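Read through the structure below, which is laid out as structure tokens, and then see the notes.
The model shown is predicted, which means the values in this text are computed figures rather than measured ones. Below, chains carry the letters A, B, ... as their sequence lines are ordered, and counting in each starts from 1.
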Amino acid sequence: MMFTVAAVGVVVTMAMALARALIGPSVYSRILAVNVFGTLAVMLIAIYGFIDDRPEFLDLSIVYALINFIGTIAVTKYVTYADMGHGDDGDPAGDI
Amino acid sequence: MPRMRLGCFSGVEGDYVTRTLGLAAALAAFWVLLSGYWLPLIIALGIASIALCVVIARRLDVCDREGYPIHLTVPGITYFPWLVKEIVVSNITVAKAILTGDVNPQVLQVRASQSDALGRTVYANSITLTPGTVSISVDEDVITVHALMDETADGLRSGEMNARVCNLMGDSVPTDTKHEVGAA
Amino acid sequence: MEAALDVLSWIFIVTGLAFCLIGGYGLLKMRDMFARLHAASLIDTLGVGFVFIGLMFQVGFTLVLAKLVIVLLLIFFTGPTATFALARAAINHNSLPAVDDADKKLAAETKSTDRSQGGIG
């Protein structure tokens, strides 16, 4: 019961984030909304593990949290440079 | 092998060894946590992958005081609870602001008085982690912040978080009461 | 004991969900992307935090508890970095926050012209 309530609440919030991702208007708002959607998906996976009494789902949420972060950085970088990497121009900081 | 660093030098070599061992220990703990099996084959595979990760980390030269700040563990005991308290308080403030629609977005600049890049990173990340204030640019020691409302902006202007991060990093706390850049 | 833990779980999960829903509402309601960042950080910090603490009361001292802590810390430490990268990218592309003119100028000044230095990481 408790976990079902939690899952429903998270799904409703996910719908809100998805609505913002569809409305936009700027690409950055969409990225932000997708980032939030990913965070909520991590929560939903964890909660589903509790509903189904299979704690292994937490491993999935760890991986999803990592992918969500790297994905956000990658997409941000892609819309900024239209390229996944660029030369370091001799700068020691390089392609960070 | 010449070491290229980004403005922050990691003291002595012994320090470096401690950090490498600390990294190995943390990776081992993480492996045991994820696996939960104690079969010889699995353990051997775990040791092999930990060794590989540590070798790669040393080759990448990320195992220094910036990349693996193990020395912040003890000072962090007082800092992180304070940060969590601050996060809870400003969460409630921002939640109220969202519900009432009473917002006044503004941009301000504050001076980070930490002595190195790691300290300023901790400060800028703490600002972002606290809802109501987001750091949008870090230039040398000036951090540009987007604040959602006057209340959260004033909390940042008081400079308490700056002083606490200075304490955390072991830097001297600024005596100057004016924390905002360019404020009258 | 069991009942007390259940009550604690309920309190934390419901509070966390309240923060999530308010954050989602703010995400829809706020007018510009920088204001939406604040609403998103509501979900990223206490929304996730309280729900996970609520879940923690249900598992006792097991490996699952440690995994919950790991996920929570992961979200806590990666969130600000992603937010900062997003804010940098927006400013570098002239998507400035909707604030007073003087403040807008301040934000625009932080735009990095040299892309090898500006970066987004």
Please classify the contact of [X] with chain A as side chain, backbone, both or neither, using a heavy-atom distance under 4.5 Å.
{"X": "C/Ile75", "value": "side chain"}
{"X": "C/Phe34", "value": "neither"}
{"X": "C/Leu28", "value": "both"}
{"X": "C/Ile13", "value": "side chain"}

With a 4.5 angstrom heavy-atom cut-off, could you sort out which part of [X] is near chain C: side chain, backbone, both or neither?
{"X": "A/Val36", "value": "side chain"}
{"X": "A/Phe50", "value": "side chain"}
{"X": "A/Tyr64", "value": "neither"}

- [ ] Test C/Ile70 against A/Leu58 for side-chain contact (heavy atoms from CB on, under 4.5 Å), laying out the working first.
- [x] CA-CA 10 Å; C/Ile70 294 267; A/Leu58 276 172; over 6 Å; no
Open item on the list: Which residues pass the salt bridge (charged side-chain N to carboxylate O under 4.0 Å, His left out) test with C/Asp6, not counting sequence neighbours?
Closed with: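 Per chain and number, C/Asp6 pairs via salt bridge (charged side-chain N to carboxylate O under 4.0 Å, His left out) with no residue.
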TODO: Quick one: pull up OG1 in C/Thr78 and CD1 in A/Ile70 and give me the separation to the nearest 0.5 Å.
DONE: 9.5 Å
- [ ] Mind checking the CG-OG spacing from C/Leu68 to A/Ser61? Nearest 0.5 Å is all I need.
- [x]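 Result: 7.5 Å between the selected atoms.
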Task: Working for side-chain contact (heavy atoms from CB on, under 4.5 Å), residues C/Val71 and A/Val42 - done: CA-CA 8 Å; C/Val71 181; A/Val42 172; 3.6 Å; yes
Open item on the list: Heavy-atom pairs under 4.5 Å with chain C - which of A/Val5, A/Thr72, A/Asp59, A/Leu32 has more of them than the others?
Closed with: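 Top option by heavy-atom pairs under 4.5 Å: A/Leu32.
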Open item on the list: Taking every non-hydrogen pair under 4.5 Å, which of A/Gly9, A/Ala19, A/Ser29 racks up the most with chain C?
Closed with: A/Ser29
- [ ] With side-chain contact (heavy atoms from CB on, under 4.5 Å) as the test, would you mind laying out the steps for A/Met1 and C/Trp10 before giving the verdict?
- [x] CA-CA 10 Å; A/Met1 174 62 192; C/Trp10 269 108; 4.0 Å; yes
How close do [X] and [Y] get, heavy atom to heavy atom, and via which atoms?
{"X": "C/Cys20", "Y": "A/Leu40", "result": "SG-CD2, 4.1 Å"}
{"X": "C/Lys29", "Y": "A/Arg20", "result": "N-NH2, 4.4 Å"}
{"X": "C/Val48", "Y": "A/Met43", "result": "CG2-SD, 3.6 Å"}
{"X": "A/Phe69", "Y": "C/Thr81", "result": "CE1-CB, 3.8 Å"}
{"X": "A/Ala46", "Y": "C/Phe52", "result": "CB-CZ, 3.9 Å"}
{"X": "A/Ile62", "Y": "C/Leu74", "result": "O-CD2, 3.8 Å"}

Task: For chain A, the option from C/Ser9, C/Gly23, C/Gly24 that forms the most heavy-atom pairs under 4.5 Å - done: C/Gly24
Open item on the list: If we define contacts as heavy-atom pairs under 4.5 Å, which of C/Val51, C/Leu55, C/Thr83 has the most with chain A?
Closed with: C/Leu55
Task: Contact listing (chain A partner; residues 58-65 of chain C; heavy atom under 4.5 Å) - done: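 Result: C/Gln58, C/Val59, C/Val64.
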